[in-house]
Amino acid sequence: MDPRVSELFGAGSALKCAAPGLGAGYGGPGASAGSALGIAPKKTASKNGKKVKGRASRNTKPNNNPPYLPPEAEEGNIEYKLKLVNPTQYRFEHLATQMKWRLQEGRGEAVYQIGVEDNGLLVGLSEEDMKASLKTLRRMAEKVGADITILREREVEYDSDVPRQIAEVLVRKVPDDQQFLDLRVAVLGNVDSGKSTLLGVLTQGELDNGRGRARLNLFRHLHEIQSGRTSSISFEILGFNSKGEVVNYSESRTAEEICESASKMITFIDLAGHHKYLKTTIFGLTSYCPDFAMLVVSANTGIAGTTREHLGLAMALKVPIFIVVSKVDLCPRGTVERTVRQLERILKQPGCNKVPMVVASADDAVTAAQQFAQSPSITPIFTLSSVSGESLDLLKVFLNILPPLSNSKEQEELMQQLTEFQVDEIYTVPDVGTVVGGTLYSGICREGERLVVGPTDEGHFLGLKVCSIQRNRSACRVLRAGQAATLALGNFDRSLLRKGMVMVSPEMNPTICWLFEAEIVLLFHAKTFRRGFQVTVHVGNVRQTATVERLHGKEELRTGEKAVVRFRFIKHPEYLKVGAKLLFREGVTKGIGHVTSQAARTAGQGLALRN
Ligand SMILES: Nc1nc2c(ncn2[C@@H]2O[C@H](COP(=O)(O)OP(=O)(O)OP(=O)(O)O)[C@@H](O)[C@H]2O)c(=O)[nH]1
C-alpha cells in the first residue's frame, strides 16, 4: 500500500489542490473508453437486449490506432474466434467443450470476440460469415445450457474497402440449483449523496421523486425513516437473467422469485454516509468482503464530507472502486463536469494512482466493465440521475457485464478447504430460534452440518448444528465459499454468540490469540502514535479495542510512516489469520496494514462441545 494514500485522510489538504477548473488532461465526459481499441462502435446492447445504433463508424473521423486486442489469454473467460462457419460435428463438440471451460473460468459467464485472431488482430468478418458464426455460437450455448447476448458489433476499417465486422458476445449460463453468480458491491458516499435512493431505483425499478420516495423501501429502523439516514447496513439485490435483462422487484414480488430467475446477482451493501456511522461503514467494508465498491458523489456538492475518507478506506482495503456522480438533474452540465474534474484530479494524485474513465455511452460501459476487471487502477465514473433516470441504463449495462475477479479455480481451491463461516449478524427469529448472518470464507456448509463456534470470552469453541440455510431470503441446502447467507441454529443460546466469531469445522482445531503483530502504515494522526495508545482494530469481521504494546525499532510514529506494531486485545481473544488485512482507528487516527504474526494457542485445549 502506498503510504501516500494517507493524504486522503488528512484535514483536506488534497481537496484544496483539487480545486475545480484545473482539469489538465481531462477528456471530458465524452472521453470514450472504447476508442483505445482502435475500432468504431456500431451497435450496442441496451438494457432489454435490443440493439441500439452506435456511432456510424465510416463517417466519423479516421481512427489511426492499430486494430488489435491484447493476445488471447489461455486462462480466463475471454475467447477469440476468427469464425465459426459450418463446423463439422467433431469441431462443434470441441467448441462446446471449450465454451463450457470458459464459462467455468468466469463462474458462469464468458465473453466471445468473433472475427478476432488468437493474437488479437481484429480481422473482421463479412456480414454473411458473421451471421453464420453467431448462429453456431447460439447452438454451442444451447448445447451447454447458456444464453448469448450481443454486447456490441463493430466495423473494422483495416486494409480493405469492404467493411468487415467483429462482434463481442456475452455467454451466460442459465442457473441451476440457485448457483447464480453473486457479486457484492459496497455502497459508499457522503450523507445525502443519494446512495439509498439509487439503490431503491435500481432494485425496485421505480424512479425517485427527489424527496426520498425510492429510499423509503430500504430503511430498517424507525429513526432512519424519521431522519432519512442509513445507520444500519442493509442489503439490496439486483438480478440479471441469462439474457442480460434486469430482474428486480418491478416484476418479481419476492427475493425468492428474483433468485429463481437470475443468473447473476448483485448484492449491494448499503453503508451509512454520516461520519458518526464510520464504525459501521468500516465494518461493512472489512467484514462483508465486497468484490467492488461504488462511491456515490452528489453532482451539486462535489467531493464533500466523508467522500475522501470513504475513497481512502476502499483503496486501503484494496477494494476496486467505481464512482457514480448522482443528481445530475439538479445542476447545469458545467457543475457536473466540475465535479467530474475534481474526482479525476483526486484519483490521479500519487496516493491513488488511478486511471479515471468517464462512461458516456453504452459502448463505454461495456469497455469500462471489461477493463475495470482487468486492471484495478481503472476507475469508471458514471454521471446519472435517480429522478429523471438519465444514464441509469449505462450503470445497468456495466453491472450486467461486470465479471467476478476470482476465477473458478481459485473458487474451487477455497471450497476444498475446511469450513469457516464469519459471524456478522445475530438475530432471534420467532419459530426459528437463533439465526446468524455472515459469509462463508472457505469450504462448503450443508444443512444439518455440525460446526464449532467461538472464541468465547474464555477462549473456547462451542459445538452446534446448522439447522437450515437461507441465501437472499430464500432456502438453500448447500453454501459455497464466498457466499453470504443466514444460518438457523435452532435453540442455541444467542447470548453465547457475538459478532466477530467464526463457525468452523471441528477438524480445524482453530487457534486464538490475545496478542498479535502487524505491519502498519499510519494514515492520519493528530499528534504522535506511541506505546500505550488504544485503537479499535478491524480485521475481517473482528472489531475490538486493542492496546499498542510495542513499536518495533521506533519510539513513536507520524502520519505516513510504517512500522511493525504489537497489539493486545483488551476484552477477549480473537480468531485471526496471519496475512489478514487490518484497519484501525481512534478519533481522527487511522492506519492500515496486515497481521504478520500472532501469539496463538489452540482453542482445542478448552474445546467444550455441546449439542
Ligand atoms: N433531484 C434528485 N434528487 C435526488 C437524487 N438522488 C437522491 N436524491 C434526493 O436526495 C436526498 C438524499 O438521498 P439519500 O438516498 O437518502 O442519500 P444517502 O446518500 O443514502 O444518505 P445517507 O443514508 O444518510 O447516507 C433524497 O431526498 C433524495 O430524494 C437525484 O438523482 N436527483
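Atoms within each ligand, like the ligands themselves, are counted from 1 in listed order.
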Looking at ligand 1, would Asn190 count as a contact under a 4.0 Å heavy-atom criterion?
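Contact check Asn190 vs ligand 1: positive.
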Less than 4.0 Å is my threshold; does some heavy atom of Gly189 fall inside it relative to ligand 1?
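Outside the 4.0 Å threshold, so no.
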Within ligand 1, which atoms have a heavy atom of [X] less than 4.0 Å away?
| X | result |
| --- | --- |
| Val387 | 1 (N), 2 (C), 3 (N), 30 (C), 31 (O), 32 (N) |
| Thr197 | 6 (N), 7 (C), 13 (O), 14 (P), 15 (O), 28 (C) |
| Lys195 | 15 (O), 17 (O), 18 (P), 19 (O), 20 (O), 21 (O), 22 (P), 25 (O) |

What's the separation between atom CD in Glu337 and atom SG in Cys331, rounded to the nearest 0.5 Å?
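One gets 11.0 Å once the value is rounded to the nearest 0.5 Å.
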In the structure I gave you, are the side-chain heavy atoms of Ile282 and Leu313 within less than 4.5 Å of one another anywhere?
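A side-chain contact exists here, since the closest heavy-atom pair is under 4.5 Å.
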Any Val436 side-chain heavy atom under 4.5 Å of Met503 side chain:
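Sidechains of Met503 and Val436: in contact.
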Could you tell me whether the side chains of Gln534 and Glu586 share a donor-acceptor contact shorter than 3.5 Å?
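Absent: no donor and acceptor within the cut-off.
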Within the supplied structure, the quantity of interest is the number of heavy atoms (other residues, nucleotides, ligands) at a distance under 6.0 Å from Tyr441 OH; does it exceed 12?
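Result for OH/Tyr441: open.
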For the 3.5 Å polar cut-off, considering only N or O atoms, please tell me whether Val191 and ligand 1 meet it.
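Between Val191 and ligand 1, no N or O pair is found under 3.5 Å apart.
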Under 3.5 Å between any N/O of Ser326 and any N/O of ligand 1: does that happen in this structure?
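There is no such contact.
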By the definition side-chain hydrogen bond (donor to acceptor under 3.5 Å, both in side chains), identify the one residue from Arg498, His538, Glu574, Lys571 that meets it with Gln544.
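The option that passes is Glu574.
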Looking only at non-hydrogen atoms, which of Asn300, Asp192, Val324, Asp329 approaches atom 32 (N) of ligand 1 most closely?
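The option holding the nearest heavy atom is Asp329.
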